[in-house]
2 protein chains.
Amino acid sequence: MADTGAPGGETLLFLTDEQLRKGIEAMFFAYRGFTADPDRILDQHDYGRAHHRAIHFINREPGLTVTTLISVLGVTKQSLNRVLRTLIDDGLVESRVGRRDKRERHLYLTEKGAVLERELSEAQRVRMRAAYRAAGPQAVAGFRQVLEAMMDPAMRRHYQMLKDGA
Amino acid sequence: MADTGAPGGETLLFLTDEQLRKGIEAMFFAYRGFTADPDRILDQHDYGRAHHRAIHFINREPGLTVTTLISVLGVTKQSLNRVLRTLIDDGLVESRVGRRDKRERHLYLTEKGAVLERELSEAQRVRMRAAYRAAGPQAVAGFRQVLEAMMDPAMRRHYQMLKDGA
DNA sequence: TTGGAAAGTCAACAAGGCTGACATAAAGTC
DNA sequence: GACTTTATGTCAGCCTTGTTGACTTTCCAA
């Protein structure tokens, strides 16, 4: 498919179906790379991607409640619970009863949990760093802009909230 | 975590752990948006994401063999076969015996398959288009550069091959 | 002619989504 | 104080989609 013939061909070239398709495929292939390194580590520990995600956000926002984590991850409580249960039983995550509201459970990584978190995130950062370095600062800015625009509003809110520090 | 104190602080700011983490989270949240619209359509048709992926690449490269598709998708033949079986039985995909090598099966979308493909990819393009438009051409270029750098070499080869037209 | 590649299939299993139902404790409301 | 709502946990069952392993058929190529 060639240019749509829309006015300003050059500047709108990036909106052709062909360009969009390339973006779609880039997302698909890149996401595979994105998860590949942590996946290998998780395998060794008998954990899955779901554990990684929980660990990531508990580390990011220590003391967050179960409800918040459910909302960030976009899964059901039953689904999260299964994962959380093993992490707590294995001593990677601690669940503390809320002080103000005793119904709430606040989640924290234990030292053991923090160790795994660092291992996972460092592996992921290595690849990210290489990609950033290869592409350069301008590209990185664009990368983030497009990704942000691609998020659902609810997800963008979570992202923004985490964005500028806890 | 502040600047590493490395030389050229400003230009290397995008390589801090904090910046890398934001990129990681952006990937996570954006990928959810990326798959959300097709997922809704697939639900209605009683298909899953795996079917979408197969349909996408068969459309992209009509006549590709099962082995190639397995390699592109990065799954086992048993896994692909289950998905492919339903698509063939439902009349969305046609499997033709190879002319030169009769062991090979070449995959094509039927008209019915092409209809669903267009529905799915159009939904995905709508979001992509909006994101591209919001971010602008420069950002899009950067987006693609970073994603490309993030891929595993084997995946990048597939991407490149598809990149410049079939 | 024989070895190996491409494909298909069967069986079994696991991770991680989901829904529905039900239980408990703690808050909040009237 | 009784009632309702919220947060959490848990049991049971289902689905998709990934895995491994075994075995078969077809057929190209050395």
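So you know, we letter chains A, B, ... as the sequences are listed, proteins then strands, and number each from 1.
- The side chain of B:Arg103 lies closest to C:dA6, out of C:dA25, D:dG9, C:dA6.
- Regarding A:Ile70, its CD1 atom lies at a distance of 12 Å from the P atom of C:dG17, rounded to whole Å.
- Separating the CG atom of A:Asp39 from the P atom of D:dT19 is a distance of 11 Å, rounded to the nearest angstrom.
- In this structure, A:His106 atom NE2 and D:dG9 atom P are separated by 12 Å, rounded to whole Å.
- Outside the 6.0 Å centre-distance limit, the rings of A:Phe29 and A:Phe34 are not counted as a close aromatic pair.
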Evaluate the salt bridge (charged side-chain N to carboxylate O under 4.0 Å, His left out) criterion for residues A:Asp17 and B:Arg129: first the C-alpha distance (whole Å), next the side-chain angles of each, then the deciding distance (0.1 Å), finally the verdict.
CA-CA 9 Å; A:Asp17 282 5; B:Arg129 201 176 288 126; 3.4 Å; yes
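- Rounded to an integer number of Å, the gap from A:Asp43 CG to D:dG18 C1' is 12 Å.
- With the nearest nucleotide of DNA chain C identified for both B:Thr65 and A:Gly74, B:Thr65 has the one nearer the 5' end.
- Note on A:Glu61 versus B:Arg21: no salt bridge recorded, every NZ/NE/NH1/NH2 to OD/OE distance being 4.0 Å or above.
- One atom, CZ of A:Arg49, and another, P of D:dT16, lie 20 Å apart when rounded to the nearest Å.
- Side-chain proximity of A:Arg105 to the nucleotides C:dG4, C:dA26, D:dG9 is greatest for D:dG9.
- In this structure, B:Leu107 atom CG and C:dA6 atom P are separated by 14 Å, rounded to whole Å.
- For B:Asp152, the side-chain hydrogen bond (donor to acceptor under 3.5 Å, both in side chains) partners two or more places apart in sequence, or in a different chain, are A:Arg127.
- Within 4.0 Å (heavy atoms only), B:His51 reaches sugar-phosphate atoms of the nucleic acid but no base atom.
- For the pair A:Asp43 and A:Arg40, the salt-bridge criterion is not met [side-chain N within less than 4.0 Å of a carboxylate O].
- A:Arg105 and A:Thr65 share no side-chain donor-acceptor pair at under 3.5 Å.
- Contacts between residues 75-101 of chain B and DNA chain D, counted as heavy-atom distances below 4.0 Å, involve B:Val75, B:Thr76, B:Gln78, B:Ser79, B:Arg82, B:Arg100, B:Asp101.
- A:Glu94 and A:His106 share no side-chain donor-acceptor pair at under 3.5 Å.
- In this structure, B:Arg53 does not reach the D:dT16 phosphate: none of its side-chain N or O atoms is under 4.0 Å from OP1 or OP2.
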